[in-house]
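Report on the structure given below.
Each chain gets a letter, A, B and so on, in the order its sequence line appears, and its residues count up from 1.
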There are 2 protein chains.
Amino acid sequence: MTTYHHGNLRAALIETATELASARGPDGVVLREVARLAGVSHNAAYRHFADREELLAEVAAIGQQRLAAAMRRRLAGVHVTDPAARATARLRETGRAYVLFALDQPGLFRAAFSTAPAPCEDADPYAVLLAALDDLVAVGLLEADHRDAAAVTCWSAVHGFAELHLAGPLQATPRRERTRQLEQLLDTLQGGLIAS
Amino acid sequence: MTTYHHGNLRAALIETATELASARGPDGVVLREVARLAGVSHNAAYRHFADREELLAEVAAIGQQRLAAAMRRRLAGVHVTDPAARATARLRETGRAYVLFALDQPGLFRAAFSTAPAPCEDADPYAVLLAALDDLVAVGLLEADHRDAAAVTCWSAVHGFAELHLAGPLQATPRRERTRQLEQLLDTLQGGLIAS
DNA sequence: GTGTGGAAGTTGTCACTGTCAACATTGGAG
DNA sequence: CTCCAATGTTGACAGTGACAACTTCCACAC
């Protein structure tokens, strides 16, 4: 009962491309192979995307979406009641979640930042970070006009950490050592950002 | 008077590849074009490199070499006499130099970290960073057994900053704002690392 | 001198890719 | 019922990394 028209090819292509990206990184998203896996001829994709880049942008959006979701999920697991301690713990967890996602889903993570993502609601890991920093401001641990710069600093640190351990020169670091390094990075960030 | 044998093709190919990488990034290093520019047929390169990857590794080594050189050059411009202040200033300058090189030579910087560099003496930006941290230990501003973790933290932060501003979501940040963010990142790092 | 062997370059070819153009099929609006 | 625009398909082209087979040249032994 396969019709000539696929019915929902666009979505199927994005999903297949996302799987390829997860398995092999952004360069693994090969237009012709995506089409093959979707059971459709090469060039079918051109009815839905201007070029390979546009498909990759869709994958990037999904990557950022999943990253943001993973961060929110982990944040939900923070059970600390004291407001100040809670805000601090949540900031740390934000960074931890970012790095853990990158290490757990290297292909998708790299794809997420290999090109400008397609516009997409709910897809902003940056928003999660800003929210965590806003909590810190709310409990008086961070000056309000330091928030934006703090965001860039935090993001840079965890992003660089992920990049260096993923494809960079720190690739070979054993897992235990890596988590130790991450915790110390979070310590340093916390110490540098939070006045108390 | 051109001989059949080029005489120094290997070096010529590496240089051409480096220029291509500087101009267009690692993906711009196309074996056939490198050969063309070097005035030699495609496939000539295979007498000197097992595959494209091996040529790229050579380019990566040169990239890291130039990065380390740029860092050392800038460090030489730090004129502060008080030992403690000097060590601090040198650490900051290390980070500043790293980011400025990345932003100034985006293609080469990306190439430098796109693959494992060929082994090469004098090519280690990490060594420059470690030296700066050793100075901090020497003047008592950093505990000796915090050095390695501090190195990873510093490297992560500046590397991530560069990556996010180079090809990432912070690409569009205006220059003035960018330098402000960088200085605040260095402030935070300094505050988090240095006890005093 | 000479001639021979291996290093260095070349030509030819293959499978594969992204993209364009022209054609085929289909379901739905009128 | 008919036509048309959206959706897929076939075929082609230039460009790529890689392999194999051929050619040219230099260095060294004799």
Side-chain angles (χ1 to χ4, degrees), chain A residues 1-61 107 110-111 114-118 167, chain B residues 1-61 107 110-111 114-118 167:
Chain A
M1 188 63 123
T2 64
T3 67
Y4 186 85
H5 283 342
H6 181 288
N8 201 4
L9 184 54
R10 182 186 169 88
L13 289 173
I14 295 178
E15 185 182 329
T16 305
T18 302
E19 283 164 15
L20 269 183
S22 295
R24 305 189 213 158
D27 290 348
V29 178
V30 177
L31 224 45
R32 289 172 102 109
E33 186 170 9
V34 173
R36 228 173 287 141
L37 289 175
V40 105
S41 84
H42 78 269
N43 271 352
Y46 284 95
R47 295 294 154 190
H48 301 277
F49 308 97
D51 53 12
R52 177 175 176 277
E53 197 59 25
E54 213 170 286
L55 174 55
L56 261 184
E58 230 41 76
V59 174
R110 307 212 83 207
S114 70
T115 190
Chain B
M1 183 72 114
T2 63
T3 68
Y4 186 85
H5 285 323
H6 181 288
N8 201 5
L9 184 54
R10 181 184 169 87
L13 289 174
I14 294 178
E15 185 181 330
T16 306
T18 303
E19 284 165 15
L20 269 183
S22 295
R24 305 187 213 159
D27 290 347
V29 179
V30 176
L31 225 43
R32 290 170 100 108
E33 185 169 9
V34 173
R36 228 174 286 141
L37 290 174
V40 103
S41 85
H42 76 268
N43 273 353
Y46 285 96
R47 293 294 151 188
H48 302 278
F49 309 96
D51 53 11
R52 178 176 175 277
E53 198 57 27
E54 211 171 285
L55 174 56
L56 261 184
E58 234 35 83
V59 174
R110 307 210 82 207
S114 69
T115 191

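Judged as a side chain to side chain donor-acceptor pair (under 3.5 Å), and not counting sequence neighbours, the contacts of R24(B) are E33(B). Evaluation of the salt bridge (Lys or Arg N to Asp or Glu O under 4.0 Å) rule for R32(A) yields no partner, not counting sequence neighbours. R52(A) pairs by the side chain to side chain donor-acceptor pair (under 3.5 Å) definition with nothing, not counting sequence neighbours. T115(B) pairs by the side chain to side chain donor-acceptor pair (under 3.5 Å) definition with E53(B), not counting sequence neighbours. For E54(B), there are no side chain to side chain donor-acceptor pair (under 3.5 Å) partners, not counting sequence neighbours.
Regarding F49(A), its CZ atom lies at a distance of 13 Å from the C1' atom of dT7(D), rounded to whole Å. Summarising the geometry, the separation between CD on E54(B) and P on dG17(D) is reported as 15 Å, rounded to the nearest angstrom. If you take CZ of R47(B) and C1' of dG17(D), they are 16 Å apart, rounded to a whole angstrom. Protein atom CG of L56(B) is 15 Å distant from nucleotide atom P of dT16(D), rounded to whole Å. dT16(D) atom C1' lies 14 Å from atom CZ of R24(B), rounded to whole Å.
When all heavy atoms of V59(B) and A17(B) are compared, the closest pair comes out as CG2-CB, 3.7 Å.
Taking only side-chain nitrogens and oxygens, H48(A) never comes nearer than 4.0 Å to OP1 or OP2 of dA6(D).
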Give the B/S/- string for nucleotides 12-19 of chain C, one per nucleotide from 5' to 3', where a protein heavy atom under 4.0 Å of the base yields B, of only the sugar-phosphate yields S, and otherwise -.
BB---SBB
